[in-house]
**Q** 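One structure, as structure tokens, below. Some questions next.
Everything quoted here is computed from the prediction, not taken from an experiment.
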Amino acid sequence: MCGRFVVARVGSELAGVLRADVVADDLPAPSFNIAPTARAAIVLDSAKTEPPTRRIAAARWGLVPPWAKDPSIGSRAFNARSEEAADKPMFRGALAARRAVIPASGYYEWRTDAGGKTPFYIRPEADEPLLLAGLYEWWKDDARAADDPQRWLLSFTILTRDAVGELGSIHDRMPLFIDADHADVWLDPTTEYAGDLLDAVVDAAPARADELVAVPVGKAVGNVRNDDPSLIDPVDATTGATAADGAASSASSAE
């Protein structure tokens with residue numbers, strides 16, 4: 001699964017990488033602890049123009065389908081299992097025509113063992129965006145006036161698949177990573193045979209997974225109120241101490 005992620009770069013820094021035509025002016029600030037129901041930047045190709053316009057927009061994490069009575073349903077739909085997306089009413093409409101890419105710096109996952117839960121930060125080895133395949137929807141709040149900017153809610157979910165390799169030793173699910181070669185076709189709302197497209201992205205994801213680095217981090221990430229760069233600092237998996245803690249301890253002993 002993917003229940004927390006990091007976006008350290010936003011706006012114009014992502015526009016070039018993702019070849020975006022339009023970048024929204026209300027994108028959230030960088031965050032090191034994005035949780036479900038929070039806002040994050042997503043990439044989508046708008047079908048309102050021909051050819052489609054690629055946009056980086058702010059969206060709420062947790063898919064809210066058009067038929068929902070209220071947005072609360074989204075809190076349970078922050079992930080979508082790729083094996084079920086084509087069949088579930090919650091996701092199948094979006095899979096057919098409203099596919100998104102979520103740019104991240106990395107994400108967190110928790111490994112459970114006899115000693116409890118250990119959080120890991122999983123990221124590309126190089127300083128480059130980690131692209132996650134997702135779906136998006138627009139939900140209309142009929143209680144608001146037609147000219148109310150809050151009348152329409154843009155929301156998204158992150159697709160997942162079974163985890164492989166080192167990531168499989170941490171958790172049995174992982175986000176559906178997507179590479180640049182598949183991103184253009186994935187985003188294109190005119191692409192047909194969405195089920196086959198999804199299968200191709202699922203099959204390609206393990207190659208990207210093998211390029212990622214997983215490092216244990218401190219338990220502070222478990223509290224959504226914590227949000228600063230120190231959350232991704234590596235710690236000793238046994239003691240929970242950071243490199244800075246170790247250096248301070250050594251200096252103290254030397255004295």
**Q** Side chain to side chain contact (heavy atoms under 4.5 Å, CB included) for Val43 and Trp186? Distances and angles first, verdict last.
**A** CA-CA 11 Å; Val43 185; Trp186 176 258; over 6 Å; no
**Q** Please evaluate residues Leu153 and Asp141 with respect to the criterion side chain to side chain contact (heavy atoms under 4.5 Å, CB included), reporting the C-alpha separation (whole Å), side-chain torsions for both, the decisive distance (0.1 Å), and the verdict.
**A** CA-CA 8 Å; Leu153 173 67; Asp141 186 349; over 6 Å; no
**Q** Do Thr191 and Arg99 come close enough that some side-chain heavy atom pair is under 4.5 Å?
**A** yes
**Q** CZ of Phe177 to CG of Asp210: how many Å apart, nearest 0.5 Å?
**A** 10.0 Å
**Q** Kindly indicate whether the side chain of Ser105, heavy atoms from C-beta on, has any atom under 4.5 Å from the side chain of Tyr121.
**A** yes
**Q** Measure the acute angle between the ring planes of Trp61 and Phe5, then classify it against the limits of 30° and 60° as parallel, tilted or perpendicular.
**A** perpendicular
**Q** I want to check something: taking the side chain as every heavy atom from C-beta on, are Tyr193 and Asp199 in contact at a cut-off of under 4.5 Å?
**A** no
**Q** Work out which heavy atom in Thr160 is nearest to a heavy atom in Cys2; give both atom names and the distance.
**A** CG2-N, 4.4 Å
**Q** Does this structure show an ion pair linking Asp45 with Arg54, if we count only N-O contacts that are shorter than 4.0 Å?
**A** yes
**Q** Rounded to the nearest 0.5 Å, what separates atom CZ in Arg92 from atom CD in Glu84?
**A** 13.0 Å
**Q** In the structure I gave you, are the side-chain heavy atoms of Leu159 and Ile178 within less than 4.5 Å of one another anywhere?
**A** no
**Q** Would you check, one step at a time, whether the test side-chain hydrogen bond (donor to acceptor under 3.5 Å, both in side chains) holds for Asp21 with Thr53?
**A** CA-CA 6 Å; Asp21 302 306; Thr53 300; 5.1 Å; no
**Q** Starting from Val217, can I reach Ile34 by hopping between I/L/V/M/F/W/Y residues whose side chains sit under 4.5 Å apart?
**A** no
**Q** Quick one, Pro103 and Arg9 - any side-chain contact, counting heavy atoms below 4.5 Å?
**A** no
**Q** So, taking the atom named CG in Leu198 and the one named NE2 in His182, what distance separates them when rounded to the nearest 0.5 Å?
**A** 11.0 Å
**Q** Could you give the distance from CG (Asp113) to OG1 (Thr118), rounded to the nearest 0.5 Å?
**A** 5.0 Å
**Q** Let me confirm one number: the CE-CG distance from Met90 to Leu63, rounded to the nearest 0.5 Å.
**A** 6.5 Å
**Q** If we ignore hydrogens and angles and just use 3.5 Å, is the side chain of Asn33 paired with the main-chain N or O of Asn223 as donor and acceptor?
**A** yes
**Q** According to a hydrophobic-cluster definition based on side-chain heavy atoms being under 4.5 Å apart (Ile, Leu, Val, Met, Phe, Trp, Tyr only), do Trp138 and Ile102 belong together?
**A** yes
**Q** With side chains defined as the heavy atoms from C-beta onward, is the minimum distance between Asn79 and Arg173 less than 4.5 Å?
**A** no
**Q** Hey, does Leu154 have a side-chain heavy atom less than 4.5 Å from the side chain of Leu44?
**A** yes
**Q** Transitively linked via ILVMFWY side-chain contacts under 4.5 Å: Val7 with Tyr136?
**A** yes
**Q** Which pair of non-hydrogen atoms, one from Ile42 and one from Ala100, has the smallest distance, and what is that distance?
**A** CD1-CB, 4.3 Å
**Q** With the 4.5 Å side-chain cut-off for hydrophobic clustering, are Ile232 and Leu132 part of the same group?
**A** no
**Q** Could you report the tightest heavy-atom contact between Pro36 and Gly3, atom names first, then the distance?
**A** CD-O, 3.2 Å
**Q** Locate the shortest heavy-atom distance separating Gly106 from Leu130; write the atom from each residue and the value.
**A** CA-CD2, 4.2 Å
**Q** Using only atom types and a distance under 3.5 Å, with no angle test, would you say the side chain of Thr157 pairs donor to acceptor with the backbone of Gly62?
**A** no
**Q** Could you state whether Tyr107 and Val213 fall into the same hydrophobic cluster, counting links through intermediate Ile, Leu, Val, Met, Phe, Trp or Tyr residues with side-chain heavy atoms under 4.5 angstrom apart?
**A** no
**Q** Side chains of Glu137 and Arg98: does their closest heavy-atom pair fall under 4.5 Å?
**A** yes
**Q** Please name the pair of heavy atoms, one in Phe120 and one in Pro216, separated by the smallest distance, quoted to 0.1 Å.
**A** CD2-N, 3.6 Å
**Q** Determine, stepwise, if the pair Val64 / Ile73 fulfils side chain to side chain contact (heavy atoms under 4.5 Å, CB included).
**A** CA-CA 6 Å; Val64 182; Ile73 193 173; 4.3 Å; yes
**Q** Please find the pair of heavy atoms, one from Ser169 and one from Arg111, that lie closest to each other, and give the distance.
**A** O-CD, 3.5 Å
**Q** So which of Asp227, Asp228, Asp233 actually passes side chain to side chain donor-acceptor pair (under 3.5 Å) with Ser230?
**A** Asp228
**Q** Atom CZ of Arg208 and atom CG of Leu167: how far apart are they, to the nearest 0.5 Å?
**A** 11.0 Å
